[in-house]
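Please read the structure below before turning to the comments.
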There are 2 protein chains.
Amino acid sequence: MKKITIGEASRQSGVKVPTIRYYEGIGLLSAPSRSEGNQRSYEPADISRLVFIRHARELGFEVDAIRTLLTLQDDPNQSCASADAIAKARLIDVEQRIRSLMALKVELEAMVAGCGHGRVDQCRVIEVLADHGQCAHSYH
Amino acid sequence: MKKITIGEASRQSGVKVPTIRYYEGIGLLSAPSRSEGNQRSYEPADISRLVFIRHARELGFEVDAIRTLLTLQDDPNQSCASADAIAKARLIDVEQRIRSLMALKVELEAMVAGCGHGRVDQCRVIEVLADHGQCAHSYH
DNA sequence: CTTGCACCTCTAGTCGCTAGAGGATGTAGG
DNA sequence: CCTACATCCTCTAGCGACTAGAGGTGCAAG
């Protein structure tokens, strides 16, 4: 039952101090009790919640999605269909992003390979950017 | 020498009208001449510049990087080493992003596959987020 | 001449934080 | 007990790259 300060909570959860306060402000984390001197005092459950949030953020889930996931976590009797849907949507998004980035990689490689370190008027980087028709791929 | 309105410039360049004004505001695009009635009047060169900007943005270049690329384009006597460096940095960034996203994809796939559409207390999505140790990869 | 769309400027909002000011509290050493 | 210093508090403003909306003007077709 020892009190966990915000700094300690930050160290244990890996979430920065101002970010913890920010999460409280937007209602992702409920306001903890306060010490005599008005300092936040966290409990182990809050640390778990912060780890959950951090992990979800690292996986690219938006704050709104995390809010939904957290309400699901709080009530384990619900169907997990929502959580499943959120994860699936995120997966589709990630797959799309990977495809775009792969195409982009090809294009950048061609740009860099084409650049002979001469003057700008022979530079493929500039040329490709100026004229979309030069693109290796026209995915965008 | 017909005047190109901002709407027409938008259609031809693929850059939205408010975004064109925004680019003017941040100095990416110089302020065009105005009509009698104070309406912006663009020239073909402006459209090219907008296409250049749009293309670079789609490739993920930041506005600051584009600013540099544009000054290079304006003065073709310079060495293209800067443009080359910008493109190379971007390539490295893209490769890193692809690696992260691939690892993330694996993790999301495991989550979604593990979800039996039952109740939340058996849901792998929630479980994995709550306990980092469950991760397929610990890259983050 | 009116209708209605496109244009104008300006401000404020988006997202997920991050930085800094200016002050209070808590703790360790002397 | 005093001082020094880290940590905490609240509040506001800033980031990047736009986007949305209010409130008003210009212009072209019917």
Original post:
What are the two closest non-hydrogen atoms of Ile4(A) and Ala9(A), and how far apart are they?
Top reply: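 Heavy-atom minimum between the residues: CG2-N, 3.7 Å.
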Original post:
Which heavy atom in Arg57(A) sits nearest to a heavy atom in Glu62(A), and how many Å separate them?
Top reply: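 Here Arg57(A) and Glu62(A) meet closest at NH1-CA, 4.0 Å.
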Original post:
Is there a path from Ile26(A) to Phe61(A) through hydrophobic residues (I, L, V, M, F, W, Y) whose side chains come within less than 4.5 Å of each other?
Top reply: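 In one cluster: yes.
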Do [X] and [Y] come close enough that some side-chain heavy atom pair is under 4.5 Å?
| X | Y | answer |
| --- | --- | --- |
| Arg21(A) | Val17(A) | yes |
| Val15(B) | Ser10(B) | no |
| Pro32(A) | Ser41(A) | no |

Tell me the interatomic distance from [X], atom [atom1], to [N], atom [atom2], rounded to whole angstroms.
| X | N | atom1 | atom2 | answer |
| --- | --- | --- | --- | --- |
| Glu62(B) | dC15(D) | CD | C1' | 11 Å |
| Glu8(B) | dC27(D) | CD | C1' | 16 Å |
| Phe61(B) | dA17(D) | CZ | C1' | 17 Å |
| Lys3(B) | dC27(D) | NZ | P | 7 Å |
| Arg67(A) | dC15(C) | CZ | P | 10 Å |
| Ile20(B) | dC8(C) | CD1 | C1' | 14 Å |
| Ile66(B) | dG16(D) | CD1 | P | 13 Å |
| Gln39(A) | dA6(D) | CD | C1' | 11 Å |

Is the phosphate of [N] approached by [X] (side-chain N or O, under 4.0 Å from OP1 or OP2)?
| X | N | value |
| --- | --- | --- |
| Lys16(A) | dC17(C) | no |
| Arg40(B) | dC8(C) | yes |
| Thr5(A) | dT7(D) | no |

Original post:
In residues 21-36 of chain A, what residues come within less than 4.0 Å of DNA chain D, judged by heavy atoms?
Top reply: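 Arg21(A), Arg34(A) - these, ordered by number, are the residues of the stretch whose heavy atoms sit under 4.0 Å from the strand.
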Original post:
Start at the 5' end of DNA chain D and walk down; is the nucleotide closest to Gly7(A) or to Pro18(B) reached first?
Top reply: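 First, find each residue's nearest nucleotide; the 5'-ward one identifies Gly7(A).
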Side chain of [X], heavy atoms from C-beta onward: which of [options] has the nearest atom to it?
| X | options | result |
| --- | --- | --- |
| Thr19(B) | dC18(D), dC9(D), dG26(D) | dC18(D) |
| Arg57(A) | dC8(D), dC8(C), dG16(C) | dG16(C) |
| Asn38(B) | dA17(D), dT19(D), dC8(C) | dC8(C) |

Original post:
Hey, is CD on Glu8(A) packed in by over 12 heavy atoms from elsewhere, all under 6.0 Å?
Top reply: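 Yes, CD of Glu8(A) has more than 12 neighbouring heavy atoms, counting only those of other groups under 6.0 Å.
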